[in-house]
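What follows is a set of notes on a single structure, which appears directly below.
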Amino acid sequence: MPVERTEQRGVDELRKYYEVYETIGSGGFAKVKLGRHILTGEKVAIKIMNKKDLGEDLPRVKVEIEAMKNLSHQHVCRLYQVIETSTHIFMVLEYCPGGELFDYIVAKDRLSEEETRVFFRQIASAMAYVHSQGYAHRDLKPENLLIDENRNLKLIDFGLCAKPKGGLSYELMTCCGSPAYAAPELIQGKAYIGSEADVWSMGVLLFALLCGYLPFDDENCMALYRKIARGRYDNPRWLSPGSVLLLNQMLQVDPKRRLSVRQLLDHPWVMKDYNSPVEWYSRQPVYTHIQKPKYVIDECLNIETELTLTWRYDQTTATYLLLLSKKQKGKPVRLRPEP
Ligand SMILES: COc1cc(O)cc(Nc2ccc(C(=O)Nc3ccc4c(c3)C[NH2+]CC4)cc2)c1
């Protein structure tokens, strides 16, 4: 079978369930296209990966898909369906029409402390949840935070996440993520704790939101590494004393002196104007097993069977989750009429 016909078969499988429109994002070995789920009419984002382009990145994709199957949270982009053919892997994801937080910051130059606090509380909520599930994200940056239709943030791209077998207190060695947001211990190749490295990245992100530029920056990679390892940066004059203090507590070179995510949740700066800690529990827990109603198979025998359904991330999962999403948005919960 010629390659192009095999490749076309891969895309045909996708088109059984989704209309596919323009490219809305691309990076590395994948591109993301806008799509529409035919059965429910709901818009989705479809991450398209050609296996022959993936090469040694294929394990990263598998890591991310497994992670996404265990993560369901109001500030984490939802995975609806995975379609794998001989040539492609398609990840059908929650659609976030506001695009990247990165572009939002650039468009506004920098954000006010009040607006930053709204976004930062959502980031802390997502990270506390991800850590509670035993994962470290390891690539936190404004490009990996999308804005949904209600101006809420959604964390994306778990391709570099880690779930140490012994739990998050176990040390990691892999150096990964984007240098400007990477913690000193990570870029120095030391053994590090994923959640502690994530807090450093959150500090760099908080600085970028409040200032509109990076605390550690240099075109030369080695010069950048030296600045991060030294941990010295200037606070612009418009930062409040509360912001300066919080940044200092997060951008501690020694990870043991750094704030934890849990300490962030009720930090005075985070609580200001809200007077309540960040809610990090998931409002949409992922039931790994959906309990079907018990059936009495045979009155005489009165055999009760519990049919449990596991998420297969197939068309059924996508249809169920997209109908649930429609219901949560107050839209009529019905399938689109046959064309
Ligand atoms: C877990 O979620 C993931 C994981 C992953 O590996 C990648 C993604 N990538 C996405 C990228 C973009 C979008 C998205 O919806 N982008 C989008 C949608 C609409 C518009 C834009 C971007 C930008 N211009 C305005 C219109 C969704 C997921 C997620």
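Under 3.5 Å, the side chains of S240 and S243 contain a donor-acceptor pair of N or O atoms. Side-chain N/O atoms of E19 and Y21 include a donor and acceptor closer than 3.5 Å. Checked by atom type, the side-chain pair N50/T87 shows no donor-acceptor distance below 3.5 Å. No donor-acceptor contact under 3.5 angstrom links the side chains of D148 and Y95, judged on distance only.
Applying the ring-ring contact (aromatic ring centres under 6.0 Å, His included) test to Y181 and every residue at least two apart in sequence or in another chain returns nothing. With sequence neighbours left out, Q74 forms a side-chain hydrogen bond (donor to acceptor under 3.5 Å, both in side chains) with no residue at all. Under the side-chain hydrogen bond (donor to acceptor under 3.5 Å, both in side chains) criterion, T23 pairs with K33, sequence neighbours left out. Residues satisfying the ring-ring contact (aromatic ring centres under 6.0 Å, His included) criterion with Y213, sequence neighbours excluded, are F207. Scored by the salt bridge (charged side-chain N to carboxylate O under 4.0 Å, His left out) test, D314 finds R312 as partners (sequence neighbours excluded). Judged as a ring-ring contact (aromatic ring centres under 6.0 Å, His included), and not counting sequence neighbours, Y80 has no contacts.
The two residues A30 and M49 have their closest heavy-atom pair at CB-CG, 3.6 Å. For L186 against A197, the heavy-atom pair with the smallest separation is CD1-CB, 4.1 Å. Of all heavy-atom pairs between I83 and E13, the closest is CG2-CG, 3.7 Å. Pairing each heavy atom of W269 with each of G242, the nearest pair is CD1-C, 3.5 Å. Pairing each heavy atom of P59 with each of G55, the nearest pair is CD-O, 4.4 Å. Taking all atoms of both residues into account, the shortest heavy-atom contact from A180 to L224 is N-CD2, 4.1 Å.
Inter-residue side-chain proximity for L247 and L239 is flagged as met; some heavy-atom pair is nearer than 4.5 Å. In this structure, the side chains of V61 and L54 come closer than 4.5 Å at one or more pairs of heavy atoms. The closest side-chain heavy-atom distance from F120 to L205 is not below 4.5 Å. Within the 4.5 Å cutoff, side-chain heavy atoms of L153 are placed close to those of L101. A heavy-atom distance below 4.5 Å is found between the side chains of V199 and V261. With contacts defined as side-chain heavy-atom distances shorter than 4.5 Å, the pair Y313/L79 qualifies. Contact of the L209 side chain with the R110 side chain is not registered, since no non-hydrogen atoms from C-beta on lie closer than 4.5 Å.
Side-chain atoms of S125 never come within 3.5 Å of backbone atoms of V278 as a donor-acceptor pair (strictly under, hydrogens ignored). A donor-acceptor distance shorter than 3.5 angstrom exists from the side chain of D198 to the backbone of R138, with no hydrogens or angles considered. Counting only distance, with no hydrogens or angles, the side chain of S72 and the backbone of Q284 share a donor-acceptor pair below 3.5 Å. Within the 3.5 Å criterion, the main-chain N or O of G159 finds no donor-acceptor partner in the side chain of D139. At distances below 3.5 Å, at least one donor-acceptor pair connects side-chain atoms of T319 with backbone N or O atoms of Q315. W238 contributes no side-chain N or O that, together with a main-chain N or O of C211, makes up a donor-acceptor pair within less than 3.5 Å.
Salt bridge present: E64 and K47 bring a charged side-chain N and a carboxylate O closer than 4.0 Å. Of the charged side-chain nitrogens involved, none lies within less than 4.0 Å of a carboxylate oxygen, so that E66 and K163 do not count as a salt-bridged pair. Salt-bridge formation is detected for the pair R258/E185: a Lys NZ or Arg NE/NH1/NH2 atom is positioned less than 4.0 Å from an Asp or Glu carboxylate oxygen.
A distance of 9.5 Å separates CD of Q188 from CD1 of I228, quoted to the nearest 0.5 Å. Between the CZ atom in R151 and the SG atom in C96 there is a gap of 14.0 Å [rounded to 0.5 Å]. Atom OG of S260 sits about 13.0 Å away from atom CD1 of I193, to the nearest 0.5 Å. To the nearest 0.5 angstrom, I123 atom CD1 is 6.5 Å from L140 atom CG. The CG atom of N235 sits 5.0 Å away from atom OH of Y233, with the distance rounded to the nearest 0.5 Å. To the nearest 0.5 angstrom, L146 atom CG is 9.0 Å from L155 atom CG.
Separation of the F119 and Y104 ring centroids falls under the 6.0 Å cut-off. Two rings, from H137 and F158, have their centers less than 6.0 Å apart. Taking the six-membered ring where the residue is Trp, the centroids of W200 and F216 are separated by under 6.0 Å.
Identified under the salt bridge (charged side-chain N to carboxylate O under 4.0 Å, His left out) test for residues 84-109, with sequence neighbours left out: K51-E84, K62-E84, E94-K154, K108-E115. Applying the side chain to side chain donor-acceptor pair (under 3.5 Å) definition to pairs two or more places apart or across chains, those involving residues 214-224 are D218-K227. Listed by first and then second residue, the ring-ring contact (aromatic ring centres under 6.0 Å, His included) pairs involving residues 41-63 amount to none (not counting sequence neighbours). Note on residues 116-128: pairs passing salt bridge (charged side-chain N to carboxylate O under 4.0 Å, His left out), not counting sequence neighbours, are E113-R117, R117-D273.
Ring geometry for H73 against H75 counts as tilted: the plane angle lies between 30° and 60°, on a 0 to 90° scale.
Residue K326 places its NZ atom among more than 12 non-hydrogen atoms of other residues, nucleotides or ligands, all under 6.0 Å distant. Environment of CZ in F102: sparse, with no more than 12 heavy atoms of neighbouring residues, nucleotides or ligands closer than 6.0 Å.
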Problem set entry | Derivation and outcome, side chain to side chain contact (heavy atoms under 4.5 Å, CB included), residues L323 and K327 | CA-CA 6 Å; L323 285 175; K327 184 179 175 196; over 6 Å; no

For this session: List the steps and the verdict of side chain to side chain contact (heavy atoms under 4.5 Å, CB included) for T316 and Y320.
Result: CA-CA 6 Å; T316 308; Y320 177 85; 5.5 Å; no

N/O donor-acceptor pairs under 3.5 Å from side chains in residues 248-256, not counting sequence neighbours:
residue, atom, partner, partner atom, Å
N248, OD1, Q252, NE2, 3.3
Q249, OE1, H267, NE2, 2.7
Q252, OE1, R257, NE, 3.2
Q252, NE2, N248, O, 3.0
D254, OD1, K256, N, 2.9
K256, NZ, E196, OE1, 3.3
K256, NZ, E196, OE2, 2.8

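Cluster partners of Y170, using a side-chain heavy-atom cutoff of under 4.5 Å among ILVMFWY residues and allowing indirect links: none.
Of the listed residues (R78, R36, K329), just one forms a salt bridge (Lys or Arg N to Asp or Glu O under 4.0 Å) with E42, and that residue is K329.
The hydrophobic cluster containing M271 does not contain M202, counting ILVMFWY residues as joined when their side-chain heavy atoms lie under 4.5 angstrom apart, directly or transitively.
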